[in-house]
Every structure is written in C-alpha cells, then in structure tokens.
Amino acid sequence: MIRESHKTTGFVLRTLNYSESDLIITFYSHDFGKFKGIAKGAKKSKKRFANVFEPFSLTNIIFTRKSRDMLAFIESCDIIDHFNTIRQDMEKTLIASYFIDLTDHFSPEGKKNEKVFELLQDFLFMLNREKTSDAIIRFFEMRLLKLAGFEPALDHCIVCKTPVTNGNLYYFHANDGGIKCSTCAKPQRYEKPVSTGTVRTLLLGKDMDIDKIKLITLTDSSAIESRSILTEFITHVLGREVKSLRVMEQVRKFCT
Ligand SMILES: [Zn+2]
C-alpha cells in the first residue's frame with residue numbers, strides 16, 4: 001500500500017515513550033486537527049529531531065500514513081517556535097501546559113478545526129509576549145468552550161430567559177449549562193451568587209479583539225467568580241477534573 005505524504009504545522013500536545021528509542025507524539029495541527037504520530041529513533045537521533053517534541057512547541061511536520069485512522073509516521077519535524085520566554089517562567093509554563101491540556105481534552109482525534117489551532121497560536125504568542133493574568137486564562141477557556149460547542153449560557157437566565165440586567169445577582173448551574181436569576185434560582189444558603197460584572201466580563205472576553213485582552217484586569221472578586229464558574233463547568237462537561245488546572249492554580253496562588 002502506498003503511504004501518502006503530508007505537510008502541516010502543529011503544536012505538540014504530549015509525548016509518550018513507545019520503546020527505548022521511539023516516541024509517540026500527539027499534535028494539534030492546522031490541517032488535520034489532533035493526530036498521533038510515531039517518531040522512530042526520536043530519543044536517540046538528536047540530529048533528526050533536535051528537542052522538538054516538547055509540550056506546546058510549534059512545529060513543521062512532514063508525515064506519511066496509510067489511512068486517516070492509522071498512526072502517522074513522522075518523517076521530519078522542525079521547530080517554528082519553542083516559546084523560550086514561556087519556558088523560562090514557571091507560571092507561564094504552567095498556563096501554557098493547561099492550554100495544551102484543555103485543547104487535548106476538548107478535541108476529538110482527526111477532526112480539523114482551524115479556529116482551535118488559531119486560538120492556541122494566538123494565546124501562546126500572547127503568553128510569550130505579555131504579563132500573565134486571570135483574563136488570559138478565563139478568556140481562553142471561554143473561547144475554547146465556544147469552539148468545542150459547549151458554550152455556557154451567560155447572557156440570560158436559562159429559566160425565565162430575561163437578559164442579564166445590571167445590579168442583579170445570578171447563580172451558575174453547571175448541570176443546566178448556564179446562569180439563573182436570583183428569582184428562578186431559589187438558591188441554597190451555601191450557593192454563592194455571581195455578579196453581573198463577572199458575567200459581562202466573560203461575555204466580552206469570549207469575542208473581544210485578541211490585542212485588547214492584555215488591557216483587561218479582572219477585579220479580585222471577578223477573578224474568583226469566573227474561575228469558579230469555568231472550573232465547575234469544564235469539570236462537569238469533561239466528567240473529570242483537569243489536573244493541570246489544579247497544579248496551575250495552586251502555583252499561581254503561591255506566587256501572588
Ligand atoms: Zn430567571
């Protein structure tokens with residue numbers, strides 16, 4: 001059978017030791033979405049694959065494969081961007097690792113989505129250039145959820161459909177996929193409300209121009225509320241906790 005040869009650009013999502021000398025790499029690529037490939041001799045031949053297979057590296061990949069659902073054979077892989085500024089900073093490295101991990105969790109294999117590739121590219125370049133912020137993390141989550149088809153309803157009460165109104169308090173219900181106004185929510189005493197400001201900031205961050213994100217600073221309460229909403233929702237959608245999120249949040253708490 002003839003193996004077709006392909007060329008694409010992709011981010012390294014993760015690697016797996018396959019044998020003493022081979023690696024299996026999962027990429028998120030521009031032209032093929034998420035796919036896995038084997039790099040023969042990757043652990044021995046430093047010349048052929050010089051440190052390219054590190055998480056979130058952006059690479060040029062040439063590969064062959066017999067069919068779409070088969071493991072690709074990596075012919076060559078060269079670094080486009082290694083994101084050195086991110087790698088020199090532990091907090092940035094953890095955020096980038098979280099972005100990669102979340103993209104991996106929300107992307108089915110073999111499904112191309114150029115917008116997801118661009119999201120990852122935009123946010124990693126931003127992280128490489130700018131200071132870290134809660135807005136960068138939360139807006140990445142909002143945008144990825146939207147692209148993956150799991151956008152939470154935050155612009156209206158999911159029961160009475162009344163649009164978000166300033167001065168009102170809302171309650172987030174992950175199981176129902178959105179917010180309820182204080183009249184419809186019938187909150188328990190332990191349930192924490194979310195302010196209109198937080199809801200509006202998340203809605204804004206979902207679509208705003210990428211270059212403007214660096215100008216956004218979340219207030220402390222908004223940072224806490226939006227983290228709680230999105231963490232709860234992502235855990236609900238995936239049916240499990242994202243480990244890299246917990247590690248990142250713990251270290252960020254420690255750093256600030
Ligand atoms: Zn309502």
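Numbering of ligands and ligand atoms starts at 1, following listing order. Every value quoted in this text rests on a predicted model; they were computed, and no experiment measured them.
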* Asked: Strictly by modelled atom types, are Glu241 and Thr235 linked by a side-chain donor-acceptor pair under 3.5 Å?
  -> no
* Structure fact -> Taken in chain and number order and not counting sequence neighbours, the residues that satisfy ring pair (Phe, Tyr, Trp, His ring centres under 6.0 Å) with Phe117 are Phe11, His30
* Looking only at side chains, do Gln188 and Tyr171 share a donor and an acceptor under 3.5 Å apart? -> no
* Quick one: do the His82 and Asn84 side chains pair a donor with an acceptor below 3.5 Å? -> yes
* If waters are left out, how many protein N/O/S atoms lie within less than 2.8 Å of the Zn ion (ligand 1)? -> 4
* If the plane angle is over 60° it's perpendicular, under 30° parallel, otherwise tilted; pick one for Phe83 and Phe56. => tilted
* Taking the six-membered ring for Trp and the full ring for Phe, Tyr or His, determine whether the centres of Phe63 and Phe35 are under 6.0 Å apart. => yes
